[in-house]
Amino acid sequence: MSSSRNNQKKIAVINDISGFGHCSLAVTMPIISVMKVQCCPVLTSILSNHTGFESYFFEDYTDRMQPYIDQWKKLELSFHGISTGFLGSKEQIQIVLGFLEYFKTKDNVVIVDPVMGDHGKIYSTFTPEMCAEMKKLVSHADILTPNLTEACILTDTQFHQDKWHMAEVAALGEKIGEMGPDKIVITGIPQGEYIANLCYEKGKEPRFFRNHKVGTSRPGTGDIFSAIIAADAVNGTDFQVSVRKASHFVKKCILKTIEMDLPYTDGVCFEELLGTLK
Ligand code: PXL
């Protein structure tokens with residue numbers, strides 16, 4: 001293997017590609033690239049557009065994933081970061097666990113977005129068996145980016161519609177920390193006219209960052225957020241700085257999308273602001 005290959009930072013990103021609707025690899029790739037990190041995708045499935053539309057073409061890629069990954073082993077590739085997003089089946093989570101067993105080292109960073117649900121509800125495709133596998137995956141993560149619903153699912157905590165007290169959310173962060181990850185950001189905590197993120201880092205006081213709520217969260221905003229966290233992590237940016245950067249960027253994207261009056265299904269027009277991201 002040519003050792004100079006590692007002169008450029010690279011992240012292996014395990015996720016689907018949706019051709020339209022601004023989500024998953026279609027946003028992760030340009031964001032990681034503009035942050036000067038090479039993005040190496042491992043496809044889980046191919047969709048014409050994301051599942052928030054009334055219909056979509058879907059091709060499952062599970063059976064092809066292992067031969068694809070085996071070829072990377074043959075090339076003796078190594079990665080500064082490994083990040084995972086939406087996973088469609090128990091088998092896919094198991095393939096990712098195998099990928100980490102092989103490619104995770106003490107020197108690289110694993111970023112897991114435990115996509116399982118939102119707005120207090122678990123996604124209909126997500127079975128109890130998948131939840132159990134996802135908990136295993138979480139135990140291998142260095143950085144985790146759950147939303148509030150996912151933080152509840154992972155910690156077997158009842159989700160509620162009443163106001164969340166910060167101490168309650170901090171306790172979720174601590175519990176997830178006990179499962180493995182050193183750094184956790186719990187996103188989308190409703191606080192009246194604000195939306196808050198909790199930043200939990202082992203050995204540090206938990207921090208909350210609030211932003212004025214603008215419009216509603218749109219498809220793909222979670223993918224933009226975790227792509228920024230992943231690229232910053234391999235670039236050595238401080239976690240709290242990175243969380244603030246990611247949430248400001250998402251907010252700016254939502255504002256621009258409202259200004260351009262784009263349909264909700266189409267996600268956010270992050271390209272308009274991509275040049276401001278470093
Ligand atoms: O942005 C999350 C996401 C990823 N992949 C697919 C999706 C969605 C959200 O709807 O449908 C296929």
Side-chain angles (χ1 to χ4, degrees), residues 11-32 39 41-65 82-93 95-96 111-127 130-131 133-134 137-138 141 143-151 153-154 185-188 195 197 215-231 246-247 249-251 253-254 257 262-271 273-274:
I11 302 182
V13 178
I14 307 168
N15 210 335
D16 67 79
I17 187 142
S18 295
F20 186 76
H22 284 126
C23 80
S24 47
L25 278 167
V27 308
T28 308
M29 291 187 69
I31 286 183
I32 289 180
C39 180
V42 179
L43 297 191
T44 56
S45 50
I46 300 167
L47 294 93
S48 53
N49 47 273
H50 64 68
T51 58
F53 287 86
E54 267 177 23
S55 64
Y56 49 89
F57 165 81
F58 171 81
E59 176 129 320
D60 182 49
Y61 210 61
T62 310
D63 292 346
R64 322 281 173 90
M65 287 173 73
I82 301 165
S83 91
T84 77
F86 177 85
L87 296 167
S89 63
K90 184 179 142 204
E91 290 70 32
Q92 283 190 354
I93 306 176
I95 292 169
V96 174
I111 306 102
V112 172
D113 189 5
V115 182
M116 294 191 285
D118 208 357
H119 310 293
K121 291 205 186 81
I122 196 157
Y123 294 135
S124 56
T125 51
F126 219 85
T127 62
M130 285 169 75
C131 269
E133 291 303 301
M134 185 55 91
L137 184 55
V138 165
I143 301 180
L144 203 76
T145 60
N147 61 32
L148 186 55
T149 304
E150 290 154 352
I153 300 169
L154 288 171
V185 50
I186 300 179
T187 60
I195 197 99
N197 292 325
T216 49
S217 150
R218 286 178 173 243
T221 49
D223 300 319
I224 295 176
F225 188 92
S226 46
I228 296 173
I229 298 290
S247 46
F249 186 75
V250 167
K251 182 179 171 179
C253 289
I254 295 174
T257 306
L262 298 174
Y264 176 85
T265 44
D266 297 14
V268 294
C269 53
F270 70 94
E271 298 88 346
L273 296 147
L274 198 55

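Since the model is a prediction, treat every value here as computed from it, not as a measurement. Side chains included, hydrogens not; waters and symmetry mates left out as well; all remaining heavy atoms used. Both counts, for ligands and for their atoms, begin at 1 and track the order of listing.
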Query raised in the report: Do we see a donor-acceptor contact under 3.5 Å between the side chains of Ser18 and Asp16?
Result: yes
Query raised in the report: Side chains of Ser45 and Asp60: is there a donor and an acceptor less than 3.5 Å apart?
Result: no
Report summary line: With sequence neighbours left out, the residues meeting ring-ring contact (aromatic ring centres under 6.0 Å, His included) with Phe270 are His22
Query raised in the report: Can you find a side-chain donor-acceptor pair between Thr62 and Glu91 that sits under 3.5 Å?
Result: no
Query raised in the report: In chain order, what residues pass the side-chain hydrogen bond (donor to acceptor under 3.5 Å, both in side chains) check against Thr265, with sequence neighbours excluded?
Result: none
Atom pairs and distances, ligand 1 N/O vs protein N/O under 3.5 Å:
from	atom 1	to	atom 2	distance (Å)
ligand 1	1 (O)	Asp223	OD2	2.6
ligand 1	5 (N)	Asp16	OD1	3.4
ligand 1	5 (N)	Asp16	OD2	2.8
ligand 1	11 (O)	Thr51	N	2.8
ligand 1	11 (O)	Thr51	OG1	2.7

Query - With sequence neighbours excluded, residues passing side-chain hydrogen bond (donor to acceptor under 3.5 Å, both in side chains) with Thr145 - result: Asp113
